[in-house]
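In this chain, residues are counted from 1 in sequence order.
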Amino acid sequence: MKTYQLYINGQYVDPANGEWFDTIDPYRGEAWAKIPRGSAADADKAVKAANEAMWRGPWAKMTASARGKVMRKLGDLVAANAERLAEIEVRDNGKLMAEMLGQLRYHPEWWWYFGGLVDKLEGGLVPIDKADTFAYTTHEPVGVVAALTAWNSPLLFVAWKCAAALAAGCAVVVKPSEFTSASTLEFAALTKEAGIPDGIFNVVTGFGPEAGSALISHPGVAKITFTGSDTTGAKVYETVARSLKRVSLELGGKSPNIVFEDADLTAAAAGAISGIFAATGQTCIAGSRLLVQSSIKEKFVARVLELAKSAKIGDPMQADTNVGPITTPAQYKKVLDYIDIAKAEGARCLLGGKPASGEGIKGGQFVEPTIFTDVDNTMRIAREEVFGPVLSIISFDTEEDAIRIANDTIYGLAAGIWTKDLARAIRVPKQLRAGTVWVNTYRAISYMMPFGGMKFSGVGRESGIDAAREYQETKSVWISTATDVPANPFVMR
């Protein structure tokens, strides 16, 4: 069994308290590695190293172009190690190898994109309205960033957060989920190989109340970027407010996937399945509410059921597996509890609705792909995030009904629309309160496109050009070229 170490100031080091904990393979239900139990002392050490490296070390002295080169090299190294890193993630979180390998092969794009953006984050000359004055703006790094990532896509979130932060000139301390820390610790070695100076990228693993809280409240941290549940995100926001740190929060969702009667029903059915079952429902953008126009409900639901019944449940490492295990015991129990809640509320279970069993099922954390119909949007199954392979089908009659039901939620992360009507494809996204709206596709992401939510789904954006600005401060510089002395120095010029 491999024993990992923390990564601080360019070195792998033991935790200050000398403690480790097991990380569990969700498929086999057994420990496969030991993760260091970081503490406040480790967080403090990492933050101090990050500040020293960022403000006084080589990173501060490197030109933007030079920083971009090492970031692009890091992308090359991830590309060369994608399969190895994906295998580690599958062992840690139980998601499909096809899914995680796809993410790791795409991961380098963030380093290549932001590595190319570094020397283009320009300030500007302001044609100021004051005589004899030269005025301009610059964009400077906000400071050390604490990046807290979730367990469902660990290294994808590292790319989303850290590539933009490093492009902005910041140093980072990553605190991965205690359930999925191994891949981030492995990734850290690649940052050194790429030439990222010591102290610019650090990893402190451990539990939220210990290492996580210490980072969030540390006076040496200027910005928090967090991915997780809205409940935890609210606590992070409250803590951060006390010290007026900058914050980005990518939180939960209850995303509507809307199918209109004029849609390509074959494509829409595949999109509905992909939206909820492709990642075992363990994704913040899961299309967990399937809104179907009443006129096509019967035939469309039949297509969705047919596809869902074909799903193979089993070993996530196997290429032909469609649904893997739930990552953690607590999440497994939560999913089953919500299934019971839905049944008690009167939703009709068309498929699944219980733990999965049979050949190839190990570890005891599998849930059958589950589909409920006759769901009302007031039911808890339609309002609360399940984060598992559970789909709620809700009927609507008109476009106005669909928009009203879609927006009737505290969340606003994503939404999907399926239609052949071009006018509707343009009209409806304007009325949906969601940070991302897909039309005739679902779960598409890009390093070029901003990602983030409205309402309880978060604050700020990741990816795209604007993401780098999340990690920068704008500075205004005034230079007087006047040769005269003000007649009245007590009056503002």
Residue set satisfying salt bridge (charged side-chain N to carboxylate O under 4.0 Å, His left out) with Asp397, at least two apart, ordered chain then number -> none
**Prompt:** Is any side-chain heavy atom of Phe187 closer than 4.5 Å to a side-chain heavy atom of Leu74?
**Reply:** yes
Rounded to the nearest 0.5 angstrom, the CG-NZ distance for Leu350 and Lys309 is 8.5 Å
Check: Donor-acceptor pair, Ser153 side chain versus Leu156 backbone, under 3.5 Å?
Finding: no
task: Could you check Phe372 against Tyr338 for ring-ring contact (aromatic ring centres under 6.0 Å, His included), going step by step and ending with a plain yes or no?
output: CA-CA 11 Å; Phe372 285 102; Tyr338 269 110; over 10 Å; no
Between the side chains of Asp119 and Arg67, is the shortest nitrogen-to-carboxylate-oxygen separation below 4.0 Å, so that they form an ion pair? no
For Tyr332 together with Phe366, are the ring centres under 6.0 Å from each other?
no
Exercise for the section: Carefully, step by step, assess Thr138 and Lys475 under the rule side chain to side chain donor-acceptor pair (under 3.5 Å). Expected result: CA-CA 5 Å; Thr138 62; Lys475 178 179 286 184; 5.6 Å; no
Quick one: do the Tyr411 and Glu385 side chains pair a donor with an acceptor below 3.5 Å? no
Exercise for the section: Answer with yes or no whether the side chains of Lys312 and Thr321 bring together a donor and an acceptor at under 3.5 Å. Expected result: no
Do Arg404 and Asn377 have a side chain donor and acceptor closer than 3.5 Å?
-> no
Exercise: do Asp92 and Thr23 side chains pair donor with acceptor under 3.5 Å:
yes
Here the salt bridge (Lys or Arg N to Asp or Glu O under 4.0 Å) pairs for residues 261-283, sequence neighbours left out, are Asp262-Arg424
Original post:
Between Lys254 and Ser457, does any side-chain donor sit less than 3.5 Å from a side-chain acceptor?
Top reply: no
Using modelled atom types and a 3.5 Å cut-off, is there a donor and acceptor pairing between side-chain atoms of Ser255 and backbone atoms of Gly287? no
Asp374 meets the side-chain hydrogen bond (donor to acceptor under 3.5 Å, both in side chains) criterion, sequence neighbours left out, with Arg348
Answer yes or no: is there a donor N or O on one side and an acceptor on the other, between the side chain of Asn440 and the main chain of Thr419, under 3.5 Å? yes
>> Looking only at side-chain N and O atoms, does Arg383 offer a donor or acceptor that is under 3.5 Å from a partner on Thr378?
In response: no
Contacts satisfying salt bridge (Lys or Arg N to Asp or Glu O under 4.0 Å) that involve residues 456-466 (not counting sequence neighbours) are Lys161-Glu462
Tightest non-hydrogen contact, residues Ala268 and Val259, listed as CB-CG1, 4.0 Å
Residue set satisfying side-chain contact (heavy atoms from CB on, under 4.5 Å) with Pro389, at least two apart, ordered chain then number -> Phe277, Thr280, Ile326, Val335, Val367
message = Checking the side chain of Glu89 only, and the main-chain atoms of Gly94 only, is there a donor and an acceptor separated by less than 3.5 Å?
response = no
Rounding to 0.5 Å, atoms CD1 (Ile417) and CD1 (Ile426) come to a distance of 11.0 Å
Contacts of Lys362 meeting salt bridge (charged side-chain N to carboxylate O under 4.0 Å, His left out) (sequence neighbours excluded), chain-then-number -> none
CZ (Arg303) and CD (Glu298) are apart, to the nearest 0.5 Å, by 13.0 Å
Hits for side-chain contact (heavy atoms from CB on, under 4.5 Å) against Ala159, two or more places apart or cross-chain, chain-then-number order -> His107, Trp110, Trp111
Quiz item: Under the ring-ring contact (aromatic ring centres under 6.0 Å, His included) criterion, do Phe21 and Phe207 qualify, and how do the steps go?
Solution: CA-CA 10 Å; Phe21 60 94; Phe207 297 93; 4.6 Å; yes
Counting C-beta onward and ignoring hydrogens, is there a side-chain heavy-atom pair between Pro355 and Leu336 closer than 4.5 Å? yes
In short, Ala82 meets Leu104 closest at the heavy-atom pair O-CB, 3.7 Å
Distance-only criterion, 3.5 Å: show the donor-acceptor pairs between side-chain atoms of residues 167-182 and protein atoms not counting sequence neighbours.
{"residue": "Lys175", "atom": "NZ", "partner": "Gly206", "partner atom": "O", "Å": "2.9"}
{"residue": "Ser177", "atom": "OG", "partner": "Phe179", "partner atom": "N", "Å": "3.1"}
{"residue": "Ser181", "atom": "OG", "partner": "Ser177", "partner atom": "O", "Å": "2.7"}

- Could you tell me whether the side chain of Ile403 reaches within less than 4.5 Å of the side chain of Phe396, counting heavy atoms only? no
Residues passing the side-chain contact (heavy atoms from CB on, under 4.5 Å) test with Ala423, sequence neighbours excluded, are Asp421, Arg427
Hey, is the main chain of Gly252 close enough, under 3.5 Å, to the side chain of Asp230 for a donor-acceptor pair?
-> no
When every non-hydrogen atom of Ala356 is compared with those of Ile361, the smallest separation belongs to O-CG2, 3.8 Å
Between Gln282 and Thr327 (side chain of the first, backbone of the second, donor and acceptor by atom type, cut-off under 3.5 Å), is there such a pair? yes
Quiz item: Quick one: are the ring centres of Phe114 and Tyr447 less than 6.0 Å apart?
Solution: no
Residue pairs passing the ring-ring contact (aromatic ring centres under 6.0 Å, His included) test with at least one member in residues 416-439, sequence neighbours excluded, are Trp438-Tyr442
Steps toward side-chain contact (heavy atoms from CB on, under 4.5 Å) verdict (Leu155, Trp160): CA-CA 9 Å; Leu155 284 182; Trp160 286 15; over 6 Å; no
- Query: Quick check: does any side chain N or O of Arg246 sit under 3.5 Å from a backbone N or O of Gln472, one acting as donor and the other as acceptor?
  - Reply: yes
Applying side-chain contact (heavy atoms from CB on, under 4.5 Å) to Ala302 and not counting sequence neighbours gives none
In this structure, CD1 of Ile313 is separated from CG of Asn322 (nearest 0.5 Å) by 9.0 Å
Notebook entry, point to check: Just wondering, more than 12 heavy atoms not from Tyr237 lying within 6.0 Å of its OH?
Noted result: no
Exercise. Run the salt bridge (charged side-chain N to carboxylate O under 4.0 Å, His left out) check on Lys333 and Asp337 step by step: do they pass?
Worked result: CA-CA 6 Å; Lys333 181 180 183 303; Asp337 286 347; 2.9 Å; yes
| said: With heavy-atom distances below 4.5 Å as the criterion, would you say the side chains of Leu413 and Glu250 are in contact? | reply: yes
Expected output: side-chain Lys455 to main-chain Arg433 donor-acceptor under 3.5 Å:
no
ask   = Heavy-atom distance under 4.5 Å between the side chains of Leu290 and Ile394, does that happen here?
value = no
Next item on the list: Answer yes or no: is there a donor N or O on one side and an acceptor on the other, between the side chain of Thr149 and the main chain of Pro154, under 3.5 Å?
Entry: no
Side-chain donor-acceptor pairs of residues 213-223 under 3.5 Å, sequence neighbours excluded:
{"residue": "Ser213", "atom": "OG", "partner": "Gly208", "partner atom": "O", "Å": "3.1"}
{"residue": "Ser217", "atom": "OG", "partner": "Ser213", "partner atom": "O", "Å": "2.8"}
{"residue": "His218", "atom": "ND1", "partner": "Gly220", "partner atom": "N", "Å": "2.8"}
{"residue": "His218", "atom": "NE2", "partner": "Asp44", "partner atom": "OD1", "Å": "2.8"}
{"residue": "Lys223", "atom": "NZ", "partner": "Ser248", "partner atom": "OG", "Å": "2.6"}
{"residue": "Lys223", "atom": "NZ", "partner": "Glu470", "partner atom": "O", "Å": "3.1"}

**Asked** Are side-chain heavy atoms of Val90 and Tyr27 found at a separation under 4.5 Å?
**Response** no
Do the side chain of Arg289 and the main chain of Ser392 share a donor and acceptor less than 3.5 angstrom apart?
-> no
